[in-house]
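First up is the structure itself, then whatever we jot down about it.
Both ligands and their constituent atoms are indexed starting at 1 by order of listing. This structure is a prediction, so every number in the text was calculated from the model and none was measured.
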Amino acid sequence: MDKKVTVIGSGNVGATAAQRLAEKELCDVVLIDIVEGMPQGKALDLTEAAPIEKHDAHVTGANGYEASKDSDIIIITAGIPRKPGMSRDDLISTNKGIMKSVVTEVAKYSPNAVLIIVSNPLDAMCHVAFEASGFPKNRVLGMAGVLDSARFRAFISMELNVSVENTHAFVLGGHGDTMVPLPRYSTVAGIPITELMPKERIDALVERTANGGAEIVSLLKTGSAFYAPASAAVEMAESILKDKKKILPCAAYLEGEYGINNLFIGVPVKLGTNGIEDIIQIKLTDDEKAALSKSADAVQELVEILKKSD
Ligand code: A3D
């Protein structure tokens, strides 16, 4: 393939993203992880599935970064989940160390790549990647809004018994309980859901969306969601690789847009070859503005914790 994507962290999200990228024949894929043999084993397994899945994408695995050389996109899923007894601040500090070392390596081998960050806490990790890479802001973005809006879309389609393909949804803000789903901009075949459902049902779906990650964690018991997160990262990658210029909600570095400064937060952006090619500013009501500002405060709090751990 003439495009190359490296996925760092070959666990649940990373390996599933690699599978989707290859099966959609979007690019060659390199899987990297610190666990010896694991990315190589998963890459070989995916390679052996290729004749049946009918694709010619090359999938390789490695423990070093040389294999990532000249990637068009780097998807970063490396990190550790919060362990019992670990505070949120400890998790931020550990994952910050991982993100910093990973980004320093990938930036060396692929100075022109677009970075798609998936590791949590998402908005904070985008800040770390932005600083460690020295890349321009259009080439550092975070996956959260596409996942959160896909969850909202799935719930809308279940509620109204309509095709998921007819649904569109918008979720803004940081990734977490303060995310801001926007029912006014969420539609079924172009009709706002505010005209299709009573307010109580919309509120219930909004709440389920905001708790979407926790709902899956409580069912799985160990680990967190990965099928939909991988799909979301791959949708972003596809828009960049094919220069589709899709408008998708992504964590982007804001410098005054939506009245927010020097912060990564989820907003609608246009994704093409250059990464973020535009930040779309939509009109918000006073309530929506207040919710976004609350969400920005929550992200700012994480950024302060990051600074403390310098
Ligand atoms: P998991 O299956 O544990 O995979 C993480 C992988 O990262 C493991 O294979 C580790 O060995 C690897 N790793 C750890 N340190 C390094 C390192 N220094 N270099 C290379 N690889 C390393 O987790 P997962 O795939 O389920 O989730 C991955 C990350 O994505 C976590 O931080 C999750 O919280 C996050 N996540 C975010 C979302 C969002 O919506 C933002 C959704 C789902 C998962």
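- T6 and S71 are linked by a side-chain donor-acceptor pair at a separation below 3.5 angstrom, with hydrogens and angles left out of the test.
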Between ligand 1 and the protein, which N/O pairs fall short of 3.5 Å?
residue, atom, partner, partner atom, Å
ligand 1, 2 (O), N12, N, 2.9
ligand 1, 9 (O), D33, OD2, 2.6
ligand 1, 11 (O), D33, OD1, 2.7
ligand 1, 11 (O), D33, OD2, 3.4
ligand 1, 25 (O), N12, N, 3.2
ligand 1, 25 (O), V13, N, 2.8
ligand 1, 32 (O), N120, N, 3.1
ligand 1, 34 (O), N120, ND2, 2.9
ligand 1, 40 (O), H175, NE2, 3.0

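- Contact annotation: the side chain of M236 approaches that of L141 to within less than 4.5 Å [non-hydrogen atoms, C-beta and beyond].
- H58 NE2: 12 or fewer foreign heavy atoms inside a 6.0 Å radius.
- Residues F152, F155, I156, M158, L160, V162, V171, M179, V188, I191, I193, L196, M197, I202, L205 make up the rest of the hydrophobic cluster containing V206, defined by ILVMFWY side-chain heavy atoms closer than 4.5 Å, directly or through other members.
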Sequence neighbours left out, cut at 3.5 Å: what donor-acceptor pairs do the side chains of residues 120-128 make with other protein atoms?
residue, atom, partner, partner atom, Å
N120, OD1, L122, N, 3.1
D123, OD2, H175, N, 2.9
H127, NE2, F264, N, 3.1

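- Legend: residues meeting side chain to side chain donor-acceptor pair (under 3.5 Å) with E66, ordered by chain and number and at least two apart, are absent.
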